[in-house]
Number of protein chains: 2
Amino acid sequence: MARNYIVSTAESKCATCSLREICLPVGLDKDETELLGDLINHKYRIRRGEHLFHTGLAFKSLYAVRNGFFKSCVLDSDGRQQVTGFYMTGELLGLDAISSEKHTCDTVALEDSEVCEVPFIKLEEISRRIPLLMHHFHKIMSREIVQDHTIMMLMGGRKAEERLAAFLLNLSERFAKRGYSSTNFILRMTREEIGSYLGLKLETVSRSLSRLQEEGIITINNKNVRLNDIYRLSHKISGYSD
Amino acid sequence: MARNYIVSTAESKCATCSLREICLPVGLDKDETELLGDLINHKYRIRRGEHLFHTGLAFKSLYAVRNGFFKSCVLDSDGRQQVTGFYMTGELLGLDAISSEKHTCDTVALEDSEVCEVPFIKLEEISRRIPLLMHHFHKIMSREIVQDHTIMMLMGGRKAEERLAAFLLNLSERFAKRGYSSTNFILRMTREEIGSYLGLKLETVSRSLSRLQEEGIITINNKNVRLNDIYRLSHKISGYSD
DNA sequence: CGCTATTTTGACCCAAATCAACTTACGTGG
DNA sequence: CCACGTAAGTTGATTTGGGTCAAAATAGCG
């Protein structure tokens with residue numbers, strides 16, 4: 001929040017946004033979308049490496065990713081950093097802050113990005129008038145919970161290679177939903193950040209990716225990934241050894 | 001849901017419930033609490049070991065724990081079970097199901113328990129008329145997200161003994177908030193369930209608890225725990241070795 | 001173009017998993 | 001109420017996946 005400058009104040013209406021089918025306005029009619037758009041008075045441009053918000057900051061707003069890519073991470077008491085999520089276009093940042101009215105994680109852009117600020121009090125207000133919006137918002141929060149459970153499952157019982165497989169497939173699906181290639185994409189985050197998210201060390205991430213490549217399942221060249229065999233990749237997760 | 005019988009249909013008003021300060025009605029006035037209470041037309045008694053709901057079941061309602069203790073767990077593709085949460089008095093079950101309109105986990109009573117059924121559509125309806133209820137509901141969902149992040153952090157970077165310490169302290173706080181002893185309580189779940197939740201095997205849980213006992217930090221006798229030295233227990237987590 | 005951050009790969013080590021044996025608690029039915 | 005059978009917990013021995021340490025290769029930035 002601190003050092004990000006405003007891109008535009010008005011004229012950034014949801015009604016004309018290409019994301020209205022995957023972002024907050026899902027399912028809303030023209031008037032409702034208009035109403036929602038009126039909330040969004042600020043958009044911010046966050047450059048790669050910059051913070052959108054820091055842990056401890058008073059919670060006022062959620063942020064919808066307009067484009068770009070973010071990570072959220074918590075710092076624990078002895079300074080170690082753990083990534084709690086990656087967020088792409090159309091996803092909502094800051095949901096964890098509602099409960100305590102303070103942000104509980106640092107959120108950082110992994111590429112040059114833009115977000116729409118959604119003042120939370122106002123969002124709640126208009127939710128009262130737009131039941132569908134309220135409902136969709138609840139679904140979004142619920143989806144975050146489900147996503148976290150998925151990660152908990154990975155960390156609980158899966159081997160490194162299986163975690164990576166699940167991670168790549170998850171990214172793949174999310175890219176697909178946004179109209180990007182599901183088999184060919186760029187990893188915006190470092191090996192260390194992937195590892196932190198999955199409960200692994202960066203060396204293990206690197207080795208596991210190399211192994212998947214040796215098996216011909218993926219092709220990886222630094223940040224560029226190609227999923228060559230989604231079927232075998234999924235089977236990695238299901239525990240079938242072949 | 002299947003085999004639980006109804007305890008009462010009316011007359012189970014939030015207004016007279018001893019949990020109204022930790023459950024959904026937090027902060028509501030008399031009339032609002034009355035309105036909320038009108039939603040709760042069914043309470044169920046779930047006996048130890050019985051399911052409240054199964055994965056895949058169509059989502060209709062949330063359930064507030066009136067008394068007792070529950071676990072939720074997801075089954076992964078090859079049949080392994082992973083505990084995603086433990087729930088006690090006043091907490092809400094089923095939040096993960098909102099997003100897909102199907103329950104994504106099995107929820108099982110770990111002791112004889114009672115729940116209040118909260119029809120979700122109706123909850124959303126009256127939320128429109130009771131902004132504070134809506135807001136509080138959002139806080140509850142957000143709290144679940146934060147709790148999951150905490151577990152992710154434990155699984156990501158912590159050693160077995162540290163995870164156990166954090167787990168015990170978390171239970172301790174939650175018991176305290178409900179007016180029970182924060183230093184002396186019964187573990188409703190098995191070592192295996194604790195392990196599953198924390199990403200450890202049951203033997204490791206057992207060994208870690210034994211070690212904490214040897215150090216004099218806790219006293220543990222089967223399911224009975226006493227926290228003898230909360231200070232040292234917290235320091236386990238912070239990474240200070242002494 | 002040079003400097004730094006990131007990634008890869010290798011060698012070695014350790015915490016927790018696994019395998020196993022035994023003990024203790026608990027619920028059930030006689 | 002007790003005895004039995006099963007489930008849960010403890011503890012030991014051994015194995016191993018991933019962590020740690022180290023060094024070299026590569027990419028990306030200013």
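Note on naming: letters A, B, ... go to the chains in the order of the sequence lines (proteins, then strands), and numbering restarts at 1 for each one.
In this structure, the ring of A/Tyr180 has its center no less than 6.0 angstrom from the ring center of A/Phe185.
The phosphate of D/dG28 has neither OP1 nor OP2 within less than 4.0 Å of any side-chain N or O from A/Lys223. An OP1 or OP2 oxygen of D/dT20 is reached within less than 4.0 angstrom by a side-chain nitrogen or oxygen of A/Lys201. Between A/Arg191 and C/dT7 there is a side-chain N or O to OP1 or OP2 distance below 4.0 Å. Put simply, A/Arg207 has no side-chain N or O that comes within less than 4.0 Å of OP1 or OP2 on C/dT9. Between B/Ser206 and D/dA8, a side-chain N or O to OP1/OP2 separation shorter than 4.0 Å is absent. Considering only side-chain N and O atoms, B/Thr204 lies under 4.0 angstrom from the phosphate OP1 or OP2 of C/dA17. Residue B/Asn222 places no side-chain N or O under 4.0 Å from the OP1 or OP2 atom of D/dT10.
Atom pair A/Ile220:CD1 and C/dT8:P shows a separation of 6 Å (rounding to whole Å applied). A straight line from CD of A/Glu203 to P of C/dT9 spans 13 Å, rounded to a whole angstrom. Rounded to a whole Å, the CE atom of A/Met189 is 20 Å from the P atom of D/dA27. As rounded to whole Å, 9 Å separates atom P of D/dT10 from atom CD of B/Gln213. Separating the CG atom of B/Asn224 from the P atom of C/dA25 is a distance of 11 Å, rounded to the nearest angstrom. Per the geometry, CD belonging to A/Glu192 stands 17 Å off C1' belonging to D/dA27, to the nearest Å. In this structure, A/Glu162 atom CD and C/dA17 atom C1' are separated by 14 Å, rounded to whole Å. Distance B/Glu193 CD to D/dG9 P: 8 Å, rounded to the nearest Å.
Residue B/Arg211 is classed as having no contact, given no heavy-atom separation below 4.0 Å to the nucleic acid. Using a 4.0 Å heavy-atom distance criterion, A/Leu202 is classed as a base contact. Contact annotation for B/Gly195: no contact, since no heavy-atom pair falls under 4.0 Å across all strands.
Shown are A/Leu154, A/Ile194, A/Leu164; of these, the side chain to side chain contact (heavy atoms under 4.5 Å, CB included) with A/Leu200 is made only by A/Leu164. Remark: of the listed residues A/Glu144, A/Arg174, A/Lys71, A/Glu144 is the sole one forming a side chain to side chain donor-acceptor pair (under 3.5 Å) with A/Tyr87.
Residues B/Asn221 and A/Lys159 each lie close to DNA chain C; by heavy-atom proximity, the contact nearer the 5' end of the strand is made by A/Lys159.
For B/Thr190, counting side-chain heavy atoms from C-beta on, the closest listed nucleotide (D/dG9, D/dG18, D/dT20) is D/dG9. Comparing C/dC19, C/dG27, C/dA17 by their nearest atom to the side chain of B/Leu200 picks out C/dA17.
Between the side chains of A/Asp106 and A/Thr55, at least one donor N or O sits under 3.5 Å from an acceptor N or O.
Formation of a donor-acceptor pair under 3.5 Å by the B/Arg66 side chain with backbone atoms of B/Cys116 is not found in this model. Under the 3.5 Å distance criterion, the side-chain polar atoms of B/Ser72 are left unmatched by any main-chain donor or acceptor of B/Gly85.
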